[in-house]
Number of protein chains: 2
Amino acid sequence: MPTPGEIEDFSGFKAFLRRVNLSRREICREVYEAHRGAIKIKKEKTLAKNLLRIFDGALRISNEKGFRAMTMRSLSRETGMSTGALYGYFSGKEDLLEMLMSTGQRTTWHILRESMAQVSHPLEKLRVAVRTHLFLSEAMLPWFYFGYMEARHLDPRHKERAVAGELRTEQLFADILEEGVRMGIFAVSNPLLLASLIKAMVQDWYVKRWKYAKRGISVDRYAGQVIDFVEAYAVSLEGQMKAPRRTPVARSERRRK
Amino acid sequence: MPTPGEIEDFSGFKAFLRRVNLSRREICREVYEAHRGAIKIKKEKTLAKNLLRIFDGALRISNEKGFRAMTMRSLSRETGMSTGALYGYFSGKEDLLEMLMSTGQRTTWHILRESMAQVSHPLEKLRVAVRTHLFLSEAMLPWFYFGYMEARHLDPRHKERAVAGELRTEQLFADILEEGVRMGIFAVSNPLLLASLIKAMVQDWYVKRWKYAKRGISVDRYAGQVIDFVEAYAVSLEGQMKAPRRTPVARSERRRK
DNA sequence: ACAAAAAAACCGAACGTTTGATCGGTTTTT
DNA sequence: AAAAACCGATCAAACGTTCGGTTTTTTTGT
């Protein structure tokens with residue numbers, strides 16, 4: 001709620017949540033579309049109610065003990081449904097794994113592209129890409145953690161798709177950097193390699209979430225740190241001259257004397 | 001083999017391998033010391049021969065399918081030993097897990113400290129720490145990958161120790177940065193946070209090893225990139241003046257004109 | 001040096017559990 | 001009353017681990 005004359009902060013995590021409105025119902029719908037054949041439940045209302053409950057339970061158990069350690073009996077206990085009932089919502093454990101895997105990735109790409117469309121300057125693109133990715137992982141932490149940790153347990157067919165998704169978001173970072181280099185804003189010898197490092201740092205946020213929580217590092221702070229870090233390396237002198245202003249505080253003056 | 005008058009390159013991966021001489025026999029010995037009670041094999045020669053074979057097999061299967069997916073029967077097939085024979089080398093699957101987990105970490109800390117003792121300047125320390133960590137993970141890739149992926153499946157007691165090890169190497173980076181800040185060489189607002197990011201990049205090397213291999217990125221190149229990246233952000237103006245020369249090529253001149 | 005005896009290491013069938021998945025019967029919703 | 005959803009005992013398969021018997025290696029006795 002910005003007072004008149006004040007500039008609203010569009011870059012914070014809270015603003016992000018307000019903007020994207022991660023409708024759980026919509027997530028459920030997409031999963032249903034993708035696994036129509038495996039789901040025996042007919043009415044969408046019951047599906048939405050229980051499928052999300054199953055997802056929550058499966059993610060909670062899996063992210064603590066690993067997907068393979070989660071038994072149908074433990075999932076039954078966690079969700080309050082019988083083992084038989086569970087099989088109305090997926091055709092088997094493998095199928096459930098695939099549901100949990102693809103959802104995070106699909107949502108990521110969806111929202112990342114959407115956020116990206118609103119900016120054009122490479123420096124702004126870089127900031128938005130890093131922020132959006134981090135905020136998204138924060139909003140859907142269990143999904144991201146699960147996807148990261150369980151990807152290797154997929155069968156080759158689905159694994160290939162997961163890897164492709166990983167490379168695609170990495171390429172998005174690389175494209176931004178390359179465009180910036182062409183425009184003289186960035187000076188980076190190997191954009192793809194730097195993109196890998198950026199992705200590594202972004203992933204660390206949700207893989208080691210417990211660590212940053214214990215230290216009181218907010219996702220806003222983490223995002224700011226990553227962006228400062230990258231820009232200190234990537235932004236050329238020319239880029240520094242005409243760089244868009246940062247919000248809410250400008251980058252430290254350290255480097256300019 | 002440097003010709004006279006030429007400076008030998010002590011910083012490359014090959015030089016590292018020559019220097020540390022990762023004796024597999026020694027690794028085996030340390031494991032034996034730590035699990036004396038669980039190992040029924042009496043003669044050290046047979047132990048050394050077969051325990052390493054078991055480790056290799058267990059790491060190969062686990063790193064592909066996950067430790068929990070590795071059955072004693074599959075391990076038996078992989079090693080060519082019977083399931084009964086395997087139990088002469090560990091008291092149970094849990095015990096084997098603990099062996100595989102602790103070895104990588106113990107070796108890391110051992111060699112990291114050793115390498116660190118030979119340098120004093122913070123900038124040099126930073127470079128050595130990053131390089132040593134990366135080179136070590138390259139030399140013991142299966143161990144590092146296993147430790148990273150399976151840490152969460154440990155029982156609370158051992159997990160706590162694994163986490164402590166993770167934080168300790170992170171603190172090592174942080175200490176170097178802090179010392180550099182005190183000496184006016186670095187300018188970093190939050191050394192511990194930057195240390196986390198450095199560790200994230202180092203870990204990405206062995207977690208995503210396949211990716212970098214496919215792109216032809218050598219560990220030397222990766223190390224150089226990480227170091228350049230960190231220094232661009234962390235080194236203060238004052239630090240840049242009196243920075244030790246890089247080997248073999250100096251950092252790009254981009255930033256100074 | 002060599003065979004007999006003792007020690008060490010190995011084998012794999014077998015056991016008791018636990019697992020993913022099924023299905024006929026029951027309850028709930030439409 | 002028909003359709004949808006749920007229940008939980010039950011099954012076959014797969015799991016970690018054990019153990020009595022066998023093979024291999026080392027030590028001992030001469």
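Throughout, protein chains are lettered first and strands after them, A, B, ... in sequence-line order, and every chain is numbered starting at 1. If you're wondering where the values come from, they're calculated on a predicted model, not measured in any experiment.
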- Item | Residues Ser62(A), Arg68(A); criterion side chain to side chain donor-acceptor pair (under 3.5 Å); working and verdict | CA-CA 8 Å; Ser62(A) 295; Arg68(A) 218 188 144 92; over 6 Å; no
- Note on the structure: Ranking Met81(B) and Arg73(B) by the position along DNA chain C of their nearest nucleotide, the one closer to 5' is Met81(B)
- Query: Quick one: does NZ or CZ of Arg18(A) land under 6.0 Å from the six-membered ring centre of Phe16(A), within 45 degrees of the ring axis?
  - Reply: no
- Can you tell me the distance, in whole Å, between the OH atom of Tyr87(A) and the P atom of dG8(D)? 16 Å
- Considering all heavy atoms of both residues, which atom of Met70(A) and which atom of Lys93(A) are nearest to each other, and what is their separation? O-NZ, 2.8 Å
- Query: Parallel, tilted or perpendicular: which fits the ring planes of Tyr148(A) and Tyr206(A), with parallel below 30° and perpendicular above 60°?
  - Reply: perpendicular
- Item | Separation of dT17(D) P from Leu97(B) CG (nearest whole Å) | 12 Å
- Take the protein atom CD1 of Ile41(B) and the nucleotide atom P of dT26(D), then report the distance between them rounded to whole Å. 13 Å
- Could you state the atom-to-atom distance from NZ of Lys40(A) to P of dC7(D) in whole Å? 15 Å
- Under 4.0 angstrom, heavy atoms only, what part of the nucleic acid is Thr46(B) near: base, sugar-phosphate, or nothing? sugar-phosphate
- Item | Outermost nucleotides of DNA chain C that come under 4.0 Å of a non-hydrogen atom of chain A | dT19(C) to dC23(C)
- Task: Quick one: label Met72(B) by what it contacts on the DNA or RNA (base, sugar-phosphate, nothing), any heavy atom closer than 4.0 Å.
- Result: base
- Message: Considering every strand and a 4.0 Å limit on heavy-atom distances, what is the contact class for Phe90(B): base, sugar-phosphate, or nothing?
- Response: nothing
- So which nucleotide does dT30(C) pair with, by the Watson-Crick or G-U wobble rule with both distances under 3.5 Å? dA1(D)
- Message: Do Lys208(B) and Tyr145(B) form a cation-pi contact, if we require the NZ or CZ to be under 6.0 Å from the six-membered ring centre and within 45 degrees of the ring's axis?
- Response: no
- Task: Write down the distance between NZ (Lys42(B)) and C1' (dT24(D)), rounded to a whole number of angstrom.
- Result: 16 Å
- Cation-pi, Phe135(A) ring and Lys14(A) (6.0 angstrom, 45 degrees): no
- Describe, in one word, how the ring planes of Phe67(B) and Phe146(B) are oriented to each other, choosing from parallel (under 30°), tilted (30 to 60°) and perpendicular (over 60°). perpendicular
- Query: Base, sugar-phosphate alone, or nothing: which one does Gly88(B) contact when heavy atoms must sit under 4.0 Å apart?
  - Reply: nothing
- Task: Starting at atom CZ of Arg68(B), determine the distance to atom C1' of dG16(D), rounded to an integer number of angstrom.
- Result: 11 Å
- Query: Start at the 5' end of DNA chain D and walk down; is the nucleotide closest to Tyr89(A) or to Thr83(A) reached first?
  - Reply: Tyr89(A)
- Query: When the nearest nucleotide of DNA chain D is assigned to Lys93(B) and to Lys43(B) on a heavy-atom basis, which residue is associated with the more 5' position?
  - Reply: Lys93(B)
